[in-house]
Amino acid sequence: MRWCPNSVLHPLHCVWLRPCTKRGRSRLPLRIREILAYMKVLLQSLYFNSLTDSDVVFDSIFEPVFWTVEYITRWFGTVFVCLVVILTTSIVVIAYVVLLPLILNTYSPAWIAWHICYGHWNLIMIAFHYYKATKTSPGNVPSEKTGNPFVAVCKKCIMPKPARTHHCGICNRCILKMDHHCPWLNNCVGHFNHRYFFSFCLFMTLGCVYCSVSGRNLFLDAYNTLERFKHLDIDKPGVPVTGMGVLIGLLPPGQTPVPPYTFKDKMINKSIIYMWVLTSTVGVALGALTLWHAVLISRGETSIERHINIKETKRKANRGKVYRNPYNYGRLNNWKVFFGVEKRSHWVTRVLLPSGHYPHGDGLTWELFSAKKDLVPV
């Protein structure tokens, strides 16, 4: 056999290069090297094949931004849930500690019964639907192979997607009949908890409007009282008399003693102002959101499907055709399907009272009904 010096030099060359390579890689932290490698893959994906279009380029360029927003939203989800619980609890405490004694001392028995019954019913509905909306899974695509039809394959999950299913980057999974990801629930709004989400928004709006309207006069009295005593503290006419002078009646001529304004009175007035401002603000903002979702439910579509249907309508119009939403069963039927109403009594037991019944269908397959057909005979 012929001796070749390369056979000896090659192992030595590899031994010499290996520590050099390690020294070169150790200059940057592992996290930075992963980010640089990820950015390199993104740049290479822009000219990967001839199927690249503007949407692919846009998604690739803004992928780090989307990832950052998703990560922050996922982390702040628990904070938002705690914030909802704290703010709602503070309003309930003010209602029991401050408003309830005033109601019992000033209102008639009929109004007292109305406020107590309606207030507790509204509170129970808010707490029940918020708990169910946060704890109920919106519905996931089965991991095992099934015979259900699908319309696409998820690029991230590499799983078949049934109709009305979309991928949530924050939850990192495909959601059945996905509407949106709600940070205030720290959960996605999908097929199995969409009703809980809408009911929570509806009853929270009603509760805020109830507190805002019924507490308007109390808010005006508390605000005027704070302003009056604030001006008395800043601009006191005459000679100030404190201590024993007030007790023995040594007041400047033409002045009457100021009624006592204790720390308790100040906190009560500030609590009323806080409650009215918070409930009025939340009532307006959440009321607009609830109204928008009510319009979507009447049309038989979700927030994501709204954008898809607009694009499809424009695309069909350019071809001289009319696009119709295949999941729009008619306005009344859409509400029946959404609330799971199957008979007349369900409007009370499943809509106006807490109910944990399952929605119509399994979220994997959807039947196409005519708009004139009564889906649920009621």
Side-chain angles (χ1 to χ4, degrees), residues 128-182 185-201 293-294 296-309 312 324-343 345-347 349-351 353-371 373-378:
F128 172 80
H129 287 103
Y130 186 73
Y131 175 80
K132 296 292 287 185
T134 54
K135 293 299 182 180
T136 303
S137 174
N140 306 322
V141 178
S143 57
E144 65 276 1
K145 185 178 180 180
T146 60
N148 295 323
F150 60 94
V151 297
V153 176
C154 181
K155 297 182 295 184
K156 298 182 178 180
C157 295
I158 317 299
M159 291 288 292
K161 292 197 305 183
R164 314 185 79 177
T165 300
H166 301 278
H167 184 86
C168 176
I170 300 174
C171 297
N172 197 22
R173 56 184 176 174
C174 288
I175 306 299
L176 301 177
K177 191 194 169 188
M178 178 180 176
D179 188 272
H180 68 288
H181 183 92
C182 183
L185 300 179
N186 195 24
N187 195 8
C188 266
V189 177
H191 177 64
F192 291 101
N193 66 344
H194 194 181
R195 178 178 66 89
Y196 298 130
F197 165 77
F198 178 78
S199 298
F200 163 72
C201 293
H293 278 277
L296 294 178
I297 294 171
S298 300
R299 295 173 178 174
E301 57 188 8
T302 61
S303 300
I304 298 177
E305 291 173 351
R306 175 60 179 169
H307 299 286
I308 297 175
N309 292 340
E312 287 296 315
R324 298 186 182 277
N325 180 17
Y327 310 110
N328 185 3
Y329 310 137
R331 189 169 301 174
L332 180 59
N333 276 329
N334 290 333
W335 284 103
K336 292 177 184 178
V337 172
F338 180 78
F339 282 119
V341 174
E342 299 176 357
K343 51 185 180 181
S345 60
H346 286 171
W347 289 107
T349 58
R350 293 188 174 184
V351 179
L353 293 177
S355 176
H357 65 279
Y358 289 101
H360 181 79
D362 57 0
L364 298 173
T365 57
W366 299 90
E367 299 179 1
L368 305 182
F369 289 86
S370 173
K373 182 177 180 180
D374 193 5
L375 181 63
V376 182
V378 175

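Nearest heavy atoms, T365 versus D362: N-OD1, 3.4 Å. Across every non-hydrogen atom of P162 and P160, the tightest pair is CD-O, 3.6 Å. Closest of all the heavy-atom pairs between N325 and G300 is ND2-O, 3.1 Å. The shortest non-hydrogen separation linking V153 to F150 is CG2-CE1, 4.2 Å. Considering all non-hydrogen atoms of both residues, I308 and H166 come closest at CD1-CE1, 3.6 Å. When all heavy atoms of L364 and P142 are compared, the pair lying nearest together is CD2-CD, 3.8 Å.
Residues that satisfy the ring-ring contact (aromatic ring centres under 6.0 Å, His included) test with F198, not counting sequence neighbours, are W335, F338. Listed by chain and residue number, F197, H293 satisfy the ring-ring contact (aromatic ring centres under 6.0 Å, His included) test with H180 (two or more places apart in sequence, or in another chain). By the salt bridge (Lys or Arg N to Asp or Glu O under 4.0 Å) test, R306 is found to be paired with E301, residues two or more places apart in sequence or in another chain being considered. Every residue meeting the side-chain contact (heavy atoms from CB on, under 4.5 Å) condition with Y358, not counting sequence neighbours, appears here in chain and number order: F192.
Residue pairs meeting the salt bridge (charged side-chain N to carboxylate O under 4.0 Å, His left out) criterion with at least one partner in residues 161-182, sequence neighbours excluded, are R164-E305. Among residues at least two apart or in separate chains, there is no side chain to side chain donor-acceptor pair (under 3.5 Å) pair with a member in residues 185-198.
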Intermediate values then yes/no, side chain to side chain contact (heavy atoms under 4.5 Å, CB included), Y327 and R299: CA-CA 9 Å; Y327 310 110; R299 295 173 178 174; over 6 Å; no
Between R350 and E342, is the side chain to side chain contact (heavy atoms under 4.5 Å, CB included) condition met? List the steps. CA-CA 10 Å; R350 293 188 174 184; E342 299 176 357; 4.2 Å; yes
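Within the model, atoms SG of C188 and CG of N140 stand 9.0 Å from one another, a figure rounded to the nearest 0.5 Å. Put simply, OG on S298 and CG on L332 are 10.0 Å apart, with the number rounded to the nearest 0.5 Å. The NZ atom of K156 sits 9.5 Å away from atom SG of C168, with the distance rounded to the nearest 0.5 Å.
Using a 4.5 Å heavy-atom cutoff, the side chains of V141 and L176 are in contact. At a threshold of 4.5 Å between non-hydrogen side-chain atoms, the residues M159 and T165 do not count as touching. Within the 4.5 Å cutoff, no side-chain heavy atoms of I175 are placed close to those of H167. Here the side chains of H360 and F339 are not in contact, with every heavy-atom distance at 4.5 Å or above.
Between the side chain of T136 and the main chain of A133, no donor-acceptor pair closer than 3.5 Å is present.
With a 6.0 Å radius and a threshold of 12 heavy atoms from other residues, nucleotides or ligands, F128 has its CZ atom above the threshold.
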